[in-house]
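Okay, so here's the structure we're looking at.
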Amino acid sequence: MSSDCLFCGIVAGQVPASLVAEGERVLAFTDINPQAPTHVLVVSREHHPDVAALAAADPPALAELVGLGQRIARDAGHSDFRLVFNTGADAGQSVFHVHGHVLAGRSFGWPPG
Ligand code: 5GP
Ligand code: ZN
């Protein structure tokens with residue numbers, strides 16, 4: 001755990017969050033500023049700064065994260081979903097603890113803004 005990390009605080013139960021689902025290595029909670037009818041963040045329980053670091057350090061955790069993201073979308077009634085990993089500040093990452101955004105329930109444009 002990184003003591004100054006917001007999502008480590010949520011994993012530890014020290015920061016309140018609306019939990020959606022749990023796995024052995026990952027945890028899911030609703031985004032505080034939803035951008036779609038379903039907008040859930042899936043994070044690793046261990047601190048890794050971004051998805052590339054997680055892929056290098058713990059591939060099973062990344063696979064679990066992706067699988068849980070699909071299940072969350074499906075359980076919310078959506079066969080289609082967008083799974084986004086903003087990686088680096090210029091790509092829009094603002095919390096440097098890996099998280100997949102599970103977005104579903106509306107149409108999405110491409111290319112992204
Ligand atoms: P990023 O910009 O790093 O890809 O995504 C960070 C996400 O975390 C944003 O969508 C933002 O709304 C969300 N967020 C920031 N602070 C909190 C918080 O305290 N609780 C929850 N549930 N989400 C947060
Ligand atoms: Zn962290």
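Being a predicted model, the structure only gives us computed values, none of them experimental. Numbering of ligands and ligand atoms starts at 1, following listing order.
At least one N/O/S atom of Cys5, from backbone or side chain, sits under 2.8 Å from the Zn ion (ligand 2).
With the Zn ion (ligand 2) at the apex, Cys8 SG and His47 ND1 define an angle of roughly 110° (rounded to 10 degrees).
Residues that satisfy the ring pair (Phe, Tyr, Trp, His ring centres under 6.0 Å) test with His101, not counting sequence neighbours, are His39, His99.
Closest approach of Ala28 and Leu68 over heavy atoms only: CB-CD2, 4.2 Å. In terms of heavy atoms, His97 sits closest to His47 at ND1-ND1, 3.4 Å.
Of all the N, O or S atoms in His97, the one closest to the Zn ion (ligand 2) is ND1.
Put simply, the side chain of Ile72 reaches to within 4.5 Å of the side chain of Val42, judged on heavy atoms.
Note that CZ of Arg71 and CD of Glu64 are 9.5 Å apart. Values are rounded to the nearest 0.5 Å.
In the hydrophobic clustering of this structure, Val51 does not group with Phe7; members are Ile, Leu, Val, Met, Phe, Trp, Tyr whose side-chain heavy atoms approach within less than 4.5 Å, directly or through other members.
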For ligand 1, output the ligand-protein N/O contacts shorter than 3.5 angstrom; if there are none, return none.
residue  : atom   : partner : partner atom : Å
ligand 1 : 2 (O)  : Gly92   : O            : 2.8
ligand 1 : 2 (O)  : Ser94   : N            : 3.2
ligand 1 : 2 (O)  : Ser94   : OG           : 2.8
ligand 1 : 3 (O)  : Ser94   : N            : 2.7
ligand 1 : 3 (O)  : Ser94   : OG           : 3.3
ligand 1 : 3 (O)  : Val95   : N            : 3.0
ligand 1 : 3 (O)  : His99   : NE2          : 2.9
ligand 1 : 4 (O)  : Asn86   : ND2          : 2.8
ligand 1 : 4 (O)  : His99   : NE2          : 3.1
ligand 1 : 4 (O)  : His101  : NE2          : 2.8
ligand 1 : 5 (O)  : His99   : NE2          : 3.0
ligand 1 : 5 (O)  : His101  : NE2          : 3.2
ligand 1 : 10 (O) : Asp31   : OD1          : 3.3
ligand 1 : 10 (O) : Asp31   : OD2          : 2.5
ligand 1 : 12 (O) : Asp31   : OD1          : 2.5
ligand 1 : 22 (N) : Thr30   : O            : 2.9
ligand 1 : 23 (N) : Ile32   : N            : 3.3

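Using modelled atom types, one side-chain atom of Arg45 and one backbone atom of Glu24 make a donor-acceptor pair closer than 3.5 Å.
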